[in-house]
Amino acid sequence: MKPYKILKHQNPKPFILIPHQRYLFSALSSSTSDQSQSPSSKISPDVLVESARSSQWHFIKHLSPNLDSSLISTVLLNLHKTPELALQFTSHVQFHRLDIKTRCLAIAVASRLPSPKPTLNLLKRTVSSDIAGVAVVFDELALARERLGISTTILFDLLIKACCEMKRVDEGLECFYMMKDKGFIPKIETCNALLSTFLKLNRTESAWVLYAEMFKMRIKSSVYTFNIMINVLCKEGKLKKAKDFIGFMENLRVNPNVVTYNTIIHAYCSRGRVEGARFILNAMRSKGIQPDSYSYSSLISGMCKDKRLEEASEMFEKMKEMGLVPSAVTYNILIDGYCNEGDLGKAFRYRDEMVEQGISPTVSTYNMLVHALFMECKMDEADDLVKEMEEKGLAPDQITYSILINGYSRCGNVKKAFSFHDEMLTKGIQPTRITYTSLIYALSKRNRMTEADNLFEKIMKKGVAVDVIMFNALIDGHCANGNMERAFSLLKEMDKLNVPPDDVTYNTLMQGHCREGRVEEARELLDEMKRRGIKPDHVSYNTLISGYSRRGDMKDALRVRDEMLSTGFNPTLLTYNALIQGFCHNQEGDIAEELLKEMISKGITPDDSTYLSLIDGMGNIDQSVESCNSC
C-alpha cells in the first residue's frame, strides 16, 4: 500500500505518515478534545499491534496511560506468537500499572522466549510488588496458560524458581504443593532450587520434608539433588551418613562426581577430621574421579587449622606437581596459616610466589598480612602494606579498617585508631561492633573513661547491637580506674538489654574488688556467678586466692584452692605464686617451701615472681630473728 502524503507547511521535505500512525494521531487528538468517552475506546488493538510490529514504541509509550487492561490483554494475545515483540510492548506500557490478570498474561507470553530470564524478572517484580498473594499469582498463571494453549509446566516452575531467588522459599513450597494438587510434576531443577534454598537458609529439616515428598511423587533425583542432600547431612554434622549416601545414590544408578566428594572432604576438614578427609580422597581416586584444586584446598585448609603447616605445604607442592593450578583462595589459606603461627617470613614468601604465578593478591591477602604485622606491633610495615594495597587499586574494606583500628588500639595509638575510624565513615563504610569495641578498649587503657562512656552512648543511639565483649571492655576500664560504681551500673544495664554477662564480666568485677581489698564482696560475686549458671574458671579462683593472700588470710586462700581442685581445676603458676607470697608475708617460710616443692613436682616451673617472694620471705624472717635477739 502506498503511503499518504501530508500537505507541506514550513518543512521543505514532506513528512510521510503510515496509515496506522495517522489513526494514532487522530486518537490522541480525540482524547484531548472529547473527554466524555474513555480514551482507550478510541484506540483499536490492531493499531497497537501494527505499532509494535513497526517499532513505534514512542507512540505506545505516549498512549500507555490511556490503555486499559482489556486492551493490553488483547494486544498481548495477538502478539503471543512473537514473544520478543510482546515483551517490548509490555515494557512500554508500564508493567507496574497492570492488574494481576494482565501481568500474568504478559508473563505467560514471555515464557515462550528461549531464555527464562525475562520471565523470571517479570515474576519477581510481580511477587515483590505484593499486588496479590503467590496463590493468586499461581491461579492467574494457570488461566493464562490455558488461554495461550501452553502445554508445559514452565510457568509454575519459573514461579517457584523466582520465589527461591528472592529467598521467599515458603511461598515457593506453597506453589510446589499447588502443582501437586493440580496433578503437575515439578521439574527436578525446580525441586533442586527449593532444596538448595533451604540449605542456604540452614533449614535442613524442611529440606528433608521436601525430599521425602519428591520421593513419594517419584521425581527422579539428579546428581545435583544428591549433592545438595549430602551437603545437608554435612551441615547437620552427620558425616558418616553423608559418606553412606554415596552408596545410596550409586544403587539408584546415579554416579557421584567431583562435587559429591568435595562436599564431604570439605565437611571432614571443617571439623578437624583431616584423616577422614584423606580416606574420602583415596575413595574418590579409586572410583576414577580425579581430585581438583578445591579437593586439595580443603585438605590444606584442614591441615592449617590443625597447625600441621609442613604437611599443608607438602600437599600444596603435590597439588602443583599434578598440574593443578592453585587459586588465590589456596594461597590465602597458607598465608593465613603461617600468619597465625607467627611465621611472617613464610607467609610473605607465599604472597611473593602468588604474584610470580600471575595471581593477584586479594583484599583478604592483605588483611591477613596486615593483621599479622599488628600482632607483632610492626605498625610501620603494616602502614606500608596498606599503601601498597591501595596502589594496586584494591580499596580497604570493612575488615581492613577493623584490623587497622584494632591494631593501633592494641598498640596504644588512640589518635591513629580514631583517624581510621573517621576515614572509613568518610568513605561510607560503617564501623562494626568489633571496631567500636577496639576504640573503647583503647580509650580504657589510656584512662580516658569519659570519652569511652560518650562513645558507648553514641553507639547505643546509632542502634548498634552491643554485646558482652563491648561491655566487658568498658567494665574493665572502669574497674582499672577504681570506679566500681560505674562498673556495676554497666552490669545492670547488661541485664536491661538482655546481654548475658559471662565469666570474664564477673572475673573483671572480682579483680576490681580485690584491688581495693574488698575480698568478701569478690567472694559474693563468685557465688552470684554460680547462681546465674556461669561456671567460674581458674581466673575466678586465682583472683580470690590472690586477694586473700595479699591480706594474709591464708586459711581462706587455701579453702578457695581446695574448692578450685574439687571443681576440676588444677592450680596454675599464678595460684602457687599467690600462696607462696602470702605465706612468706606471714613469715611461714616452711609452708612456702613445701608449696615450691609441690609446684615443681607437678611440672610447673617457678618464675622470677616465685623466687622474689621466697627471698623477701627469708628477709622478713631474718629481721624477725634480729628483733627477737635484741630483746
Side-chain angles (χ1 to χ4, degrees), residues 69 87 90-91 94-113 115-146 150 152-217 219 221-222 224-236 465:
S69 295
L87 183 66
T90 302
S91 67
Q94 301 176 356
F95 182 77
H96 67 277
R97 289 179 56 253
L98 306 181
D99 62 21
I100 187 62
K101 193 176 287 293
T102 313
R103 285 193 193 197
C104 287
L105 181 60
I107 291 165
V109 174
S111 71
R112 291 175 176 273
L113 290 164
S115 170
K117 286 182 181 179
T119 312
L120 276 170
N121 180 43
L122 293 176
L123 281 165
K124 286 181 196 175
R125 286 171 65 184
T126 302
V127 174
S128 63
S129 69
D130 293 322
I131 189 174
V134 75
V136 174
V137 175
F138 185 97
D139 288 337
E140 289 297 337
L141 287 172
L143 291 171
R145 176 178 174 271
E146 286 175 17
I150 299 171
T152 68
T153 61
I154 187 168
L155 279 169
F156 308 128
D157 287 302
L158 289 176
L159 176 59
I160 293 170
K161 191 176 180 185
C163 289
C164 290
E165 288 183 7
M166 296 166 71
K167 300 292 185 289
R168 294 170 73 152
V169 67
D170 288 316
E171 289 167 279
L173 189 63
E174 185 183 346
C175 294
F176 174 90
Y177 284 111
M178 288 180 79
M179 283 186 77
K180 181 189 172 188
D181 292 342
K182 284 186 177 289
F184 298 135
I185 303 296
K187 289 182 178 179
I188 187 58
E189 292 81 7
T190 306
C191 299
N192 289 343
L194 283 165
L195 291 171
S196 181
T197 309
F198 279 129
L199 176 64
K200 286 172 188 171
L201 297 174
N202 206 26
R203 291 176 56 181
T204 56
E205 191 176 331
S206 299
W208 284 116
V209 171
L210 174 61
Y211 185 69
E213 194 63 50
M214 288 166 59
F215 205 76
K216 287 179 195 171
M217 292 170 70
I219 299 172
S221 297
S222 66
Y224 185 59
T225 317
F226 284 110
N227 288 346
I228 293 168
M229 299 318 295
I230 285 171
N231 208 337
V232 168
L233 286 166
C234 290
K235 189 164 268 194
E236 291 175 332

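Considering every non-hydrogen atom in both Arg145 and Thr152, the closest pair reads NE-O, 2.8 Å. Closest heavy-atom contact between Cys175 and Phe138: O-CE1, 3.8 Å. Scanning both residues, Ile219 and Cys191, for their nearest heavy atoms gives CD1-SG, 3.9 Å. The two residues Asn192 and Ser222 come nearest to each other via the heavy atoms ND2-OG, 3.4 Å. When every heavy atom of Ala108 is checked against every heavy atom of Ile150, the shortest pair comes out as O-CD1, 3.6 Å. What you find for Ala162 and Leu120 is that their closest heavy atoms are N-CD2, 3.7 Å.
Looking at Trp208 and Leu233, their side chains come closer than 4.5 Å, going by heavy atoms from C-beta outward. By the 4.5 Å heavy-atom criterion applied to side chains, Ile160 and Met179 are counted as neighbours. In this structure the side chain of Met178 reaches within 4.5 angstrom of the side chain of Asp139, judged on heavy atoms.
Put simply, NZ on Lys167 and OG1 on Thr197 are 6.5 Å apart, with the number rounded to the nearest 0.5 Å. Between the CD atom of Glu146 and the CG atom of Leu141 there is a distance of 11.5 Å, given to the nearest 0.5 Å. Between the CD1 atom of Ile154 and the CG atom of Leu159 there is a distance of 12.0 Å, given to the nearest 0.5 Å. For the atom pair CG (Leu105) and CG (Leu143), the distance works out to 10.5 Å, reported to the nearest 0.5 Å. To the nearest 0.5 Å, atom OG of residue Ser206 and atom CG of residue Leu173 are 7.5 Å apart. With rounding to the nearest 0.5 angstrom, the CG atom of Leu195 is 5.5 Å from the CD1 atom of Ile228.
By the ring-ring contact (aromatic ring centres under 6.0 Å, His included) test, Tyr177 is found to be paired with no residue, residues two or more places apart in sequence or in another chain being considered. Applying the ring-ring contact (aromatic ring centres under 6.0 Å, His included) rule to Tyr224 yields no partners; only residues at least two apart in sequence or on another chain are considered. By the salt bridge (Lys or Arg N to Asp or Glu O under 4.0 Å) test, Asp170 is found to be paired with Arg203, residues two or more places apart in sequence or in another chain being considered.
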For residues 121-132, which side-chain N or O atoms pair as donor and acceptor with protein atoms under 3.5 Å away, sequence neighbours left out?
| residue | atom | partner | partner atom | Å |
| --- | --- | --- | --- | --- |
| Lys124 | NZ | Glu165 | OE1 | 2.5 |
| Thr126 | OG1 | Leu122 | O | 2.8 |
| Ser128 | OG | Lys124 | O | 2.7 |
| Ser128 | OG | Arg125 | O | 3.3 |
| Ser129 | OG | Arg103 | NH1 | 3.2 |
| Ser129 | OG | Arg125 | O | 3.4 |
| Ser129 | OG | Thr126 | O | 2.7 |
| Ser129 | OG | Ile131 | N | 3.3 |
| Asp130 | OD1 | Arg168 | NH2 | 3.3 |

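The number of heavy atoms from other shown groups lying within 6.0 Å of CD (Glu205) does not exceed 12.
Checked by atom type and distance alone, the side chain of Thr204 never pairs as donor or acceptor with a backbone atom of Val232 at under 3.5 Å.
Using bins of under 30°, 30° to 60° and over 60° for the plane-to-plane angle, the ring pair Tyr211/Phe215 lands in the tilted bin.
Asp157 and Thr153 share a donor-acceptor pair across their side chains, judged by distance under 3.5 Å alone.
Sorted by first and then second residue, the pairs that involve residues 182-207 and meet ring-ring contact (aromatic ring centres under 6.0 Å, His included), not counting sequence neighbours, are Phe156-Phe184. Sequence neighbours left out, the pairs with a member in residues 176-201 that pass salt bridge (Lys or Arg N to Asp or Glu O under 4.0 Å) are Lys180-Glu213.
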Open item on the list: For Thr225 and Met214: C-alpha separation, side-chain torsions, deciding distance, then whether side chain to side chain contact (heavy atoms under 4.5 Å, CB included) applies.
Closed with: CA-CA 11 Å; Thr225 317; Met214 288 166 59; 3.9 Å; yes
